[in-house]
Colleague: 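Sending over a structure as structure tokens; questions will come in a sec.
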Amino acid sequence: MKKAVFLLTNILLTIFFVSCKNKSEEYIDPRGTDFAGSESCVQCHKTQSDMVFQSSHFKATAPALSENVSGDFDSKNHTFIYDQNTKLVMEKHGDSLYQVLYKNGKETAKYKFEIVFGTKHAQTSVYWRENNTYELPLSFYHSINNWATSPGFPADKPYFDRMVVKDCYACHSSNVSSKMVEQSSSEKNFMSMDVEDIINKKTIVYGIDCERCHGPAKKHVEFHLKNPTVKIANSITSYKTLDRQQKLDACALCHSGNDGMKLRSRFEFKPGDNLTEFFRENRNITDSAKFDVHGNQFRLMAQSKCFMKSDKMDCITCHNPHENASKNMASYSKICMSCHQGLKHNETTLKTMPEKLLADNCVECHMPKKASNAISFQLSNSKQLSNYILRTHRIGIYPNAKK
Ligand code: HEC
Ligand code: HEC
Ligand code: HEC
Ligand code: HEC
Ligand code: HEC
Ligand code: HEC
Ligand code: HEC
């Protein structure tokens with residue numbers, strides 16, 4: 001009896017603290033009351049939580065606090081020269097970070113880093129203007145360890161007017177509430193859009209969290225808090241019960257490009273849902289060579305014989321959904337070999353690499369790195385476009401992949 005009272009008090013205290021925390025930050029969860037929040041999972045799923053909180057998914061968007069922002073703000077790599085009179089400088093003032101515009105040596109405007117997108121290869125940031133976010137003209141790229149133009153931005157003049165629409169948040173965050181607002185007719189002509197998304201700043205659920213992939217889990221949490229002896233999952237969709245297409249769809253939601261016609265918001269997707277209810281495939285894109293290595297892992301993988309001729313390959317075959325992609329190439333070879341036992345390469349191939357080395361490097365030759373056609377960037381004082389390079393998910397034979 002005493003134990004039960006103690007437990008109950010604990011539960012009430014937890015609920016009290018959780019709700020207090022949210023109130024003090026004036027944070028409003030736009031998903032309503034069915035969601036428990038990722039912090040509540042830790043107490044029972046420490047292993048998964050420890051991995052997830054470190055993952056790129058969890059950091060796919062974050063408030064632009066200094067610890068979340070990549071890049072140099074104070075040594076020599078923090079200036080971008082557009083022309084002899086115009087430069088943009090990354091500066092830190094107190095706890096805030098800015099891209100500051102100078103014309104003829106005078107500061108003329110400054111734009112605050114508010115939200116960051118991305119951590120692994122590149123990071124782009126946005127500032128708030130009225131009720132929307134706009135992309136800052138410079139992004140940070142790890143491949144060059146430097147700032148360069150944000151993808152698609154000019155290198156001859158700074159540009160501050162590219163709105164980062166709700167669509168970006170639908171793949172990079174767990175939710176955000178927005179309102180469609182009709183624009184005045186003069187603006188309408190100018191923008192050639194009828195409505196505009198007004199984003200509610202207080203409602204951004206940063207990063208891709210547990211419930212983005214597992215669906216609302218408040219009932220699950222409440223049940224297991226009340227029934228600590230029950231070891232069978234209650235009130236949560238189990239991926240184990242999903243068929244292959246459903247599992248694929250749960251990842252393809254954000255990893256199959258963005259050219260389909262939208263029928264429903266990505267935010268409404270729950271595991272087990274069918275992606276065809278969310279998008280109508282764009283049949284105009286028939287040239288499969290156009291599937292970009294950026295953001296389209298699903299379509300590329302789906303073109304591989306491995307995928308088409310086996311009935312079990314999905315994303316989880318090679319990735320732990322709670323962790324970043326493994327950097328250990330030999331670990332992928334083991335997975336390849338689980339389907340390709342007894343594999344024999346021909347003499348010519350074996351001459352290029354000793355068989356032992358070959359065994360650890362399947363990926364190097366069969367999933368080579370390729371330049372993205374969708375993303376490129378320019379360095380300060382350079383006319384040259386640099387490529388954004390990712391590994392292709394179209395597993396195949398690339399005769400020139402390895403010399
Ligand atoms: C009070 C304990 C408790 C809390 C809090 C809790 N869970 Fe669980 N969860 C369980 C138990 C018990 C199981 C069943 C045993 C297992 O798989 O670990 C389970 C299983 C699961 C499963 C596996 C389902 C399956 O069968 O494949 C998922 C997914 C899951 N929980 C997600 C979550 C998420 C997301 C949160 C936070 C929003 C959460 N849980 C919070 C107790 C809890
Ligand atoms: C809500 C959208 C969304 C869903 C659903 C999603 N992803 Fe992602 N994923 C992203 C975004 C955005 C990134 C890039 C994150 C970053 O680096 O900022 C990413 C990154 C990744 C990475 C690279 C992480 C790294 O740093 O190595 C892997 C691997 C991955 N996702 C696999 C999966 C798998 C497997 C699933 C399904 C179980 C899945 N994703 C579901 C949006 C999503
Ligand atoms: C990118 C999507 C994604 C995110 C984010 C995610 N999960 Fe999962 N989770 C999955 C998938 C997919 C599986 C099924 C894995 C399998 O079948 O091998 C899974 C499986 C599980 C399981 C079953 C046991 C296991 O490890 O396979 C638990 C428990 C779980 N997740 C809890 C969580 C918790 C807690 C969080 C947040 C801290 C979280 N997940 C975040 C996609 C995700
Ligand atoms: C259809 C889903 C989707 C949309 C929409 C989307 N992204 Fe992404 N984004 C991804 C995925 C998946 C990745 C990581 C894997 C990759 O590059 O293929 C990614 C990667 C990134 C990265 C690099 C992250 C890193 O860690 O290297 C940045 C920066 C980024 N996106 C910003 C944006 C911005 C800004 C927008 C809106 C203009 C946007 N994304 C729209 C899915 C999306
Ligand atoms: C789930 C099982 C499975 C996995 C895992 C798998 N494959 Fe395959 N792969 C197949 C099947 C089935 C075929 C088709 C064989 C045939 O045509 O007879 C195939 C075909 C191939 C081919 C020939 C492609 C072509 O276009 O002719 C290559 C190369 C290949 N796989 C490499 C790999 C590599 C490298 C990996 C690991 C990164 C891998 N496979 C993982 C099942 C798999
Ligand atoms: C046959 C194994 C295999 C399968 C299946 C697979 N991947 Fe990968 N994935 C890899 C390898 C190998 C890498 C590269 C890791 C590296 O180079 O660090 C990778 C990297 C990634 C990355 C990070 C891109 C980058 O270069 O940083 C994302 C995102 C990703 N995979 C998503 C997915 C999604 C989504 C699926 C399912 C549609 C999937 N993967 C299926 C093997 C696989
Ligand atoms: C040095 C580059 C290289 C590496 C490393 C490599 N392959 Fe290959 N692979 C090739 C080439 C080139 C071909 C086509 C000629 C041949 O069959 O040797 C090929 C062919 C294949 C085929 C098709 C064979 C057939 O009979 O149709 C499969 C399957 C395959 N490789 C799987 C793998 C796996 C699994 C690994 C890792 C254990 C691996 N490869 C490592 C270059 C490579």
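Each ligand, and each atom within it, is numbered from 1 in the order the structure gives.
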Colleague: Between Tyr169 and Thr133, does any side-chain donor sit less than 3.5 Å from a side-chain acceptor?
Modeller: yes
Colleague: Is Cys251 close enough to atom 8 (Fe) of ligand 2 that one of its N, O or S atoms comes in under 2.8 Å?
Modeller: no
Colleague: Can you tell me the protein heavy atom closest to atom 20 (C) of ligand 4 and the distance?
Modeller: His294 CE1, 3.6 Å
Colleague: Just to be sure I'm reading this right: ignoring hydrogens, which of Cys171, Gly118, Ser143 gets closest to atom 3 (C) of ligand 4? Compare them by their nearest heavy atoms.
Modeller: Cys171
Colleague: Going by heavy atoms, is Ser56 under 4.0 Å from ligand 4?
Modeller: no
Colleague: Does the residue His121 have a heavy-atom contact with ligand 6, meaning some pair of atoms that are separated by less than 4.0 Å?
Modeller: yes
Colleague: Is there an N/O/S atom in Cys318 at a distance below 2.8 Å from atom 8 (Fe) of ligand 6?
Modeller: no
Colleague: Does the residue Gly257 have a heavy-atom contact with ligand 4, meaning some pair of atoms that are separated by less than 4.0 Å?
Modeller: yes
Colleague: Whether the Ser56 and Lys120 side chains hold a donor-acceptor pair (N or O, under 3.5 Å, no angle test) is what I'd like checked.
Modeller: no
Colleague: Please work out, at 4.0 Å between heavy atoms, whether the side chain, the backbone, both, or neither of Ser326 comes within that distance of ligand 6.
Modeller: backbone
Colleague: Is it true that Arg266 and Asp167 make a salt bridge, defined as a side-chain N closer than 4.0 Å to a carboxylate O?
Modeller: yes
Colleague: Tell me, please: is Arg266 in heavy-atom contact with ligand 4, that is, under 4.0 Å?
Modeller: yes
Colleague: So which bit of Asn258 gets within less than 4.0 Å of ligand 4, heavy atoms only: side chain, backbone, both or neither?
Modeller: side chain
Colleague: Please indicate whether any nitrogen or oxygen in Ala170 is less than 3.5 Å from any nitrogen or oxygen in ligand 2.
Modeller: no
Colleague: So, regarding Glu323 and ligand 2 (criterion: nitrogen or oxygen to nitrogen or oxygen, under 3.5 Å), is there a contact or not?
Modeller: no
Colleague: Side chains of Ser372 and Asp292: do they bring a donor and an acceptor to under 3.5 Å?
Modeller: yes
Colleague: Is there any N or O on Lys327 that sits under 3.5 Å from an N or O of ligand 6?
Modeller: no
Colleague: Could you walk me through whether Asn274 and Thr276 pass the side-chain hydrogen bond (donor to acceptor under 3.5 Å, both in side chains) test, one step at a time?
Modeller: CA-CA 6 Å; Asn274 194 332; Thr276 56; 3.0 Å; yes
Colleague: What I want to know is whether Lys120 and ligand 2 share at least one N or O pair that is separated by under 3.5 angstrom.
Modeller: yes
Colleague: List the closest protein heavy-atom neighbour of atom 29 (C) of ligand 4: residue, atom name, distance to the nearest 0.1 Å.
Modeller: Phe117 O, 3.3 Å
Colleague: What is the closest protein heavy atom to atom 22 (C) of ligand 6, and at what distance does it sit?
Modeller: His393 CE1, 4.2 Å
Colleague: With the threshold set at under 4.0 angstrom, would you say Asp314 reaches ligand 6 through any of its heavy atoms?
Modeller: yes
Colleague: Is there a nitrogen or oxygen of Tyr332 sitting under 3.5 Å from a nitrogen or oxygen of ligand 6?
Modeller: no
Colleague: Would you check the N or O atoms of His57, main chain and side chain alike, for any that come under 3.5 Å of an N or O of ligand 2?
Modeller: yes
